[in-house]
Amino acid sequence: MGFTEKFDAAEPTHRLVSRSLSGVKDWDELGAVTVENRAIRVLMDYGTVVHLELEPKHGQFETVQRELVRVPDSKCMFVRSDHEFRASLPEDRVVIESVLEIPDGDTDAWTDRLFYFDEFAVLTDQSWLYRSVPHETHIREINAGGHEGVIEELNETLDPVRGSAVVPFGGLVSWTTDDTTYDLKWDSLYCSNKEKSASYDLERLKQVTVLFSEDSLRLDWKPVSQESLLRRTVWRVLNPESATPPAHVEIPAGEDGEKILEAFRQLREKLGYEYSVETASD
(Lines give C-alpha, C1' and ligand atoms only; values in the text may rest on other atoms or scores of the structure.)
Protein backbone atom coordinates (compact mmCIF):
# COMPACT_ATOMS: atom_id res chain seq x y z
CA MET A 1 0.00 0.00 0.00
CA GLY A 2 1.30 3.44 -0.85
CA PHE A 3 0.13 6.78 0.50
CA THR A 4 0.98 10.03 -1.20
CA GLU A 5 3.42 12.17 0.78
CA LYS A 6 0.66 14.43 2.09
CA PHE A 7 -1.12 11.54 3.82
CA ASP A 8 1.94 9.53 4.81
CA ALA A 9 3.37 12.15 7.16
CA ALA A 10 1.66 10.80 10.30
CA GLU A 11 3.03 7.53 11.67
CA PRO A 12 0.70 4.74 12.83
CA THR A 13 0.20 4.45 16.58
CA HIS A 14 -1.62 1.09 16.65
CA ARG A 15 -2.57 -1.82 14.45
CA LEU A 16 -5.61 -4.09 14.24
CA VAL A 17 -4.51 -7.74 14.40
CA SER A 18 -6.21 -11.11 14.10
CA ARG A 19 -4.84 -14.59 14.67
CA SER A 20 -5.60 -17.28 12.10
CA LEU A 21 -7.86 -19.45 14.24
CA SER A 22 -8.43 -23.01 13.09
CA GLY A 23 -11.74 -23.53 11.28
CA VAL A 24 -12.70 -19.83 11.27
CA LYS A 25 -13.76 -18.33 7.93
CA ASP A 26 -13.35 -14.67 7.01
CA TRP A 27 -17.06 -13.96 7.30
CA ASP A 28 -17.49 -15.78 10.62
CA GLU A 29 -17.95 -13.81 13.83
CA LEU A 30 -14.25 -14.27 14.64
CA GLY A 31 -13.11 -14.00 11.02
CA ALA A 32 -10.58 -11.44 9.84
CA VAL A 33 -13.02 -9.58 7.57
CA THR A 34 -15.84 -9.44 10.13
CA VAL A 35 -13.41 -8.19 12.77
CA GLU A 36 -12.12 -5.43 10.50
CA ASN A 37 -15.69 -4.39 9.66
CA ARG A 38 -16.51 -4.12 13.37
CA ALA A 39 -13.49 -1.90 13.90
CA ILE A 40 -14.27 0.24 10.85
CA ARG A 41 -17.78 0.92 12.12
CA VAL A 42 -16.21 2.43 15.26
CA LEU A 43 -13.58 4.34 13.30
CA MET A 44 -16.13 5.86 10.92
CA ASP A 45 -17.82 7.48 13.94
CA TYR A 46 -14.63 9.54 14.31
CA GLY A 47 -13.99 10.14 10.61
CA THR A 48 -15.30 12.67 8.12
CA VAL A 49 -14.22 11.09 4.83
CA VAL A 50 -13.51 7.62 3.42
CA HIS A 51 -11.29 6.92 0.42
CA LEU A 52 -11.42 3.54 -1.29
CA GLU A 53 -10.07 2.01 -4.44
CA LEU A 54 -11.99 -0.71 -6.28
CA GLU A 55 -11.20 -2.65 -9.40
CA PRO A 56 -13.82 -2.62 -12.18
CA LYS A 57 -14.27 -6.38 -11.64
CA HIS A 58 -15.81 -5.68 -8.22
CA GLY A 59 -19.51 -6.57 -8.14
CA GLN A 60 -20.48 -3.16 -6.72
CA PHE A 61 -18.15 -1.07 -8.85
CA GLU A 62 -20.97 0.51 -10.88
CA THR A 63 -22.91 1.32 -7.71
CA VAL A 64 -19.87 2.97 -6.15
CA GLN A 65 -19.16 4.80 -9.39
CA ARG A 66 -22.72 6.12 -9.39
CA GLU A 67 -23.06 6.95 -5.67
CA LEU A 68 -19.60 8.26 -4.74
CA VAL A 69 -17.24 10.93 -6.05
CA ARG A 70 -14.35 9.88 -8.27
CA VAL A 71 -11.12 11.39 -6.96
CA PRO A 72 -9.09 13.28 -9.58
CA ASP A 73 -5.46 12.25 -10.00
CA SER A 74 -4.21 15.46 -8.39
CA LYS A 75 -6.04 14.67 -5.15
CA CYS A 76 -5.56 10.90 -4.89
CA MET A 77 -4.24 9.70 -1.55
CA PHE A 78 -3.18 6.26 -2.84
CA VAL A 79 -0.05 6.04 -4.97
CA ARG A 80 -0.70 4.73 -8.49
CA SER A 81 -4.43 4.82 -7.89
CA ASP A 82 -6.63 4.04 -10.92
CA HIS A 83 -10.17 3.98 -9.49
CA GLU A 84 -10.17 5.94 -6.25
CA PHE A 85 -13.47 7.16 -4.79
CA ARG A 86 -14.34 9.53 -1.97
CA ALA A 87 -17.24 9.10 0.46
CA SER A 88 -18.49 11.66 2.96
CA LEU A 89 -19.41 10.65 6.50
CA PRO A 90 -22.03 10.10 7.70
CA GLU A 91 -23.90 10.73 4.42
CA ASP A 92 -22.35 7.85 2.44
CA ARG A 93 -21.90 5.42 5.32
CA VAL A 94 -24.53 2.95 4.06
CA VAL A 95 -22.72 2.63 0.73
CA ILE A 96 -19.39 1.98 2.45
CA GLU A 97 -20.84 -0.66 4.79
CA SER A 98 -22.47 -2.41 1.83
CA VAL A 99 -19.11 -2.67 0.04
CA LEU A 100 -17.41 -3.97 3.21
CA GLU A 101 -19.86 -6.69 4.20
CA ILE A 102 -19.65 -10.36 3.16
CA PRO A 103 -22.88 -12.36 3.54
CA ASP A 104 -22.32 -15.82 5.03
CA GLY A 105 -20.83 -18.14 2.45
CA ASP A 106 -21.10 -15.67 -0.45
CA THR A 107 -17.93 -16.55 -2.35
CA ASP A 108 -18.41 -13.82 -4.96
CA ALA A 109 -18.62 -11.15 -2.26
CA TRP A 110 -15.59 -12.74 -0.55
CA THR A 111 -13.59 -12.48 -3.78
CA ASP A 112 -14.66 -8.85 -4.21
CA ARG A 113 -13.73 -7.94 -0.62
CA LEU A 114 -10.35 -9.65 -0.63
CA PHE A 115 -9.08 -9.20 -4.17
CA TYR A 116 -10.99 -6.45 -6.01
CA PHE A 117 -11.14 -4.01 -3.08
CA ASP A 118 -7.59 -2.70 -3.20
CA GLU A 119 -7.21 0.05 -0.60
CA PHE A 120 -9.27 1.72 2.10
CA ALA A 121 -8.79 4.67 4.45
CA VAL A 122 -10.78 6.66 6.99
CA LEU A 123 -9.77 10.32 7.32
CA THR A 124 -10.56 13.17 9.67
CA ASP A 125 -10.21 16.88 9.03
CA GLN A 126 -6.67 16.75 10.47
CA SER A 127 -5.12 13.52 9.20
CA TRP A 128 -5.73 9.86 8.35
CA LEU A 129 -7.26 7.68 11.06
CA TYR A 130 -7.22 4.18 9.53
CA ARG A 131 -5.69 2.59 6.44
CA SER A 132 -5.95 -0.93 5.14
CA VAL A 133 -5.14 -3.23 2.24
CA PRO A 134 -8.01 -5.73 2.45
CA HIS A 135 -6.04 -8.71 1.08
CA GLU A 136 -3.03 -7.95 3.31
CA THR A 137 -4.24 -8.46 6.88
CA HIS A 138 -0.93 -7.19 8.30
CA ILE A 139 -1.70 -3.72 6.87
CA ARG A 140 -4.45 -2.53 9.21
CA GLU A 141 -2.98 0.61 10.65
CA ILE A 142 -4.46 3.18 13.04
CA ASN A 143 -3.32 6.74 13.68
CA ALA A 144 -4.98 7.55 17.01
CA GLY A 145 -3.04 10.74 17.67
CA GLY A 146 -5.44 13.51 18.62
CA HIS A 147 -8.47 11.21 18.75
CA GLU A 148 -9.12 10.73 22.44
CA GLY A 149 -11.21 7.68 23.23
CA VAL A 150 -10.91 5.85 19.91
CA ILE A 151 -8.54 3.12 21.14
CA GLU A 152 -10.60 2.61 24.29
CA GLU A 153 -13.76 2.21 22.21
CA LEU A 154 -12.04 -0.19 19.82
CA ASN A 155 -10.83 -2.26 22.78
CA GLU A 156 -14.37 -2.44 24.18
CA THR A 157 -15.69 -3.53 20.78
CA LEU A 158 -13.07 -6.25 20.36
CA ASP A 159 -12.90 -7.53 23.97
CA PRO A 160 -15.47 -10.30 23.33
CA VAL A 161 -13.83 -11.29 20.01
CA ARG A 162 -11.36 -14.12 20.60
CA GLY A 163 -8.15 -13.85 18.61
CA SER A 164 -8.33 -10.16 17.63
CA ALA A 165 -7.17 -6.94 19.27
CA VAL A 166 -5.74 -3.48 18.81
CA VAL A 167 -2.06 -3.36 19.79
CA PRO A 168 0.69 -0.69 19.79
CA PHE A 169 2.20 -0.40 16.33
CA GLY A 170 5.82 -0.88 17.38
CA GLY A 171 5.18 -3.84 19.68
CA LEU A 172 4.20 -4.16 23.32
CA VAL A 173 7.59 -3.97 25.02
CA SER A 174 11.29 -3.97 24.14
CA TRP A 175 14.43 -4.49 26.22
CA THR A 176 18.17 -5.11 25.78
CA THR A 177 20.47 -7.35 27.83
CA ASP A 178 24.00 -8.51 26.98
CA ASP A 179 23.92 -6.81 23.56
CA THR A 180 20.75 -8.68 22.55
CA THR A 181 17.53 -6.78 21.93
CA TYR A 182 14.17 -8.43 22.51
CA ASP A 183 10.90 -7.14 21.05
CA LEU A 184 7.62 -8.65 22.16
CA LYS A 185 5.27 -8.19 19.24
CA TRP A 186 1.64 -9.30 19.01
CA ASP A 187 2.54 -12.62 17.34
CA SER A 188 6.20 -13.26 18.13
CA LEU A 189 9.24 -12.68 20.29
CA TYR A 190 11.90 -11.09 18.10
CA CYS A 191 15.56 -11.29 19.14
CA SER A 192 18.51 -9.58 17.47
CA ASN A 193 22.18 -8.81 18.06
CA LYS A 194 25.22 -8.04 15.92
CA GLU A 195 25.55 -11.64 14.72
CA LYS A 196 22.00 -12.84 14.05
CA SER A 197 18.28 -12.29 14.45
CA ALA A 198 15.29 -14.58 14.79
CA SER A 199 11.54 -14.42 15.35
CA TYR A 200 9.78 -16.96 17.56
CA ASP A 201 6.07 -17.53 16.98
CA LEU A 202 3.95 -17.12 20.13
CA GLU A 203 1.65 -19.88 18.87
CA ARG A 204 4.43 -22.26 19.90
CA LEU A 205 4.72 -20.91 23.44
CA LYS A 206 3.37 -23.14 26.23
CA GLN A 207 4.42 -21.33 29.41
CA VAL A 208 6.16 -18.17 30.58
CA THR A 209 7.67 -18.32 34.06
CA VAL A 210 9.11 -15.14 35.52
CA LEU A 211 12.07 -15.62 37.86
CA PHE A 212 12.39 -12.22 39.51
CA SER A 213 15.16 -13.46 41.81
CA GLU A 214 17.26 -14.17 38.71
CA ASP A 215 15.89 -11.36 36.49
CA SER A 216 14.97 -13.84 33.80
CA LEU A 217 12.15 -15.59 31.97
CA ARG A 218 11.87 -19.34 31.57
CA LEU A 219 10.12 -20.06 28.27
CA ASP A 220 8.63 -23.46 27.45
CA TRP A 221 7.89 -24.03 23.77
CA LYS A 222 6.20 -26.73 21.73
CA PRO A 223 8.79 -29.01 20.11
CA VAL A 224 9.70 -28.56 16.46
CA SER A 225 8.29 -32.01 15.71
CA GLN A 226 4.75 -30.68 16.34
CA GLU A 227 5.05 -28.07 13.60
CA SER A 228 3.97 -28.62 10.01
CA LEU A 229 6.40 -29.95 7.42
CA LEU A 230 6.07 -26.69 5.48
CA ARG A 231 7.06 -24.55 8.46
CA ARG A 232 9.97 -26.80 9.34
CA THR A 233 11.20 -26.61 5.74
CA VAL A 234 10.99 -22.81 5.75
CA TRP A 235 12.97 -22.65 8.98
CA ARG A 236 15.63 -25.02 7.68
CA VAL A 237 16.10 -23.10 4.44
CA LEU A 238 15.55 -19.46 5.43
CA ASN A 239 16.18 -19.09 9.15
CA PRO A 240 17.33 -22.14 11.11
CA GLU A 241 17.67 -20.04 14.26
CA SER A 242 13.88 -19.56 14.44
CA ALA A 243 13.39 -23.30 14.89
CA THR A 244 15.10 -23.28 18.30
CA PRO A 245 13.60 -20.60 20.57
CA PRO A 246 15.44 -19.69 23.78
CA ALA A 247 14.61 -21.50 26.99
CA HIS A 248 15.82 -18.60 29.15
CA VAL A 249 15.82 -14.87 28.49
CA GLU A 250 17.25 -12.21 30.78
CA ILE A 251 15.03 -9.26 31.68
CA PRO A 252 15.64 -5.93 33.44
CA ALA A 253 15.18 -5.78 37.18
CA GLY A 254 12.32 -4.09 39.00
CA GLU A 255 9.55 -2.17 37.28
CA ASP A 256 10.75 -2.89 33.74
CA GLY A 257 10.59 -6.62 34.41
CA GLU A 258 7.02 -6.21 35.69
CA LYS A 259 6.09 -4.47 32.42
CA ILE A 260 7.37 -7.44 30.43
CA LEU A 261 5.33 -9.83 32.56
CA GLU A 262 2.23 -7.68 32.09
CA ALA A 263 2.78 -7.54 28.30
CA PHE A 264 2.77 -11.34 28.05
CA ARG A 265 -0.42 -11.42 30.11
CA GLN A 266 -2.11 -8.78 27.95
CA LEU A 267 -1.38 -10.72 24.77
CA ARG A 268 -2.71 -13.93 26.28
CA GLU A 269 -5.91 -12.24 27.44
CA LYS A 270 -6.56 -10.08 24.37
CA LEU A 271 -5.65 -12.59 21.69
CA GLY A 272 -6.52 -15.85 23.40
CA TYR A 273 -3.10 -17.49 23.32
CA GLU A 274 -2.94 -20.78 25.17
CA TYR A 275 0.33 -20.25 27.03
CA SER A 276 0.24 -19.72 30.79
CA VAL A 277 2.05 -16.97 32.69
CA GLU A 278 3.44 -17.65 36.16
CA THR A 279 6.01 -16.38 38.60
CA ALA A 280 8.52 -18.56 40.40
CA SER A 281 6.61 -18.14 43.68
CA ASP A 282 3.28 -19.44 42.19
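Sequential numbering from 1 along the given sequence is applied to the chain's residues. Heavy-atom basis, side chains included; hydrogens, waters and symmetry copies ignored.
Rounding to the nearest 0.5 Å places CG of D159 at 7.5 Å from NZ of K270. Once rounded to the nearest 0.5 Å, the distance linking CD of Q207 with CH2 of W221 reads 12.5 Å. Distance check: D256 CG to T177 OG1 gives 12.0 Å after rounding to the nearest 0.5 Å.
Counting heavy atoms from C-beta outward, V161 and L30 have side chains that approach closer than 4.5 Å. The shortest distance between side-chain heavy atoms of I96 and L68 falls below 4.5 Å. At least one side-chain heavy atom of K196 sits less than 4.5 Å from a side-chain heavy atom of N193. Using a 4.5 Å heavy-atom threshold, the side chains of V50 and V122 count as touching. Considering only heavy atoms from C-beta on, I260 comes within 4.5 Å of W175 through its side chain.
Through chains of ILVMFWY side-chain contacts below 4.5 Å, I102 is grouped with W27, V33, W110, L114, F115, Y116. In this structure, F169 stands alone, with no Ile, Leu, Val, Met, Phe, Trp or Tyr side-chain heavy atom under 4.5 Å from its own, directly or through other members.
In terms of hydrophobic clustering, with Ile, Leu, Val, Met, Phe, Trp and Tyr side chains grouped at heavy-atom distances under 4.5 Å, L211 and L189 are assigned to different clusters. Linking ILVMFWY side-chain heavy atoms closer than 4.5 Å, directly or via other members, places L89 and L154 in a single hydrophobic cluster. V71 and L129 fall into different hydrophobic clusters, where Ile, Leu, Val, Met, Phe, Trp and Tyr are joined by side-chain heavy atoms under 4.5 Å apart, directly or via other members. The hydrophobic clustering, which links ILVMFWY residues whose side-chain heavy atoms are closer than 4.5 Å, places F264 and V249 together. Hydrophobic clustering, with ILVMFWY side chains joined whenever heavy atoms are under 4.5 angstrom apart, keeps V167 apart from Y190.
A salt bridge (charged side-chain N to carboxylate O under 4.0 Å, His left out) with R113 is found for exactly one of E55, E36, E101, namely E36.
Between R38 and E29, the shortest heavy-atom contact is NH1-OE2, 3.1 Å. Here the closest heavy-atom approach between residue G170 and residue K185 is recorded as O-NZ, 4.1 Å. Across every non-hydrogen atom of N37 and L100, the tightest pair is ND2-O, 3.1 Å. The minimum heavy-atom distance linking F120 with I40 is given by the pair CE2-CD1, 3.6 Å. Closest approach of R140 and S18 over heavy atoms only: NH1-OG, 4.0 Å.
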Donor-acceptor pairs under 3.5 angstrom involving side-chain atoms of residues 142-151: please list them, not counting sequence neighbours.
| unit_1 | atom_1 | unit_2 | atom_2 | d |
| --- | --- | --- | --- | --- |
| N143 | OD1 | G145 | N | 3.4 |
| N143 | ND2 | S127 | OG | 3.2 |
| N143 | ND2 | W128 | O | 2.8 |

*Verdict with reasoning, T124 to T48, per side-chain hydrogen bond (donor to acceptor under 3.5 Å, both in side chains)*: CA-CA 5 Å; T124 69; T48 56; 5.8 Å; no
*Start with the C-alpha distance between L271 and L202, add both sets of side-chain angles, then the distance that settles side-chain contact (heavy atoms from CB on, under 4.5 Å), and finish with yes or no.*
CA-CA 11 Å; L271 288 166; L202 295 184; over 6 Å; no
*Evaluate the criterion side-chain contact (heavy atoms from CB on, under 4.5 Å) for residue pair F85 and F61; output intermediate values, then yes/no.*
CA-CA 10 Å; F85 298 91; F61 182 83; 3.8 Å; yes
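Counting non-hydrogen atoms of other residues, nucleotides and ligands closer than 6.0 Å to CD of E255 gives a total of 12 or fewer.
Remark: R93 engages E97 in a salt bridge, criterion side-chain N to carboxylate O under 4.0 Å. Looking at E203 and R19, a side-chain N of the basic residue comes within less than 4.0 Å of a carboxylate O on the acidic one, giving a salt bridge.
Under the 6.0 Å distance and 45° angle rule, R131 does not count as a cation-pi partner of F78.
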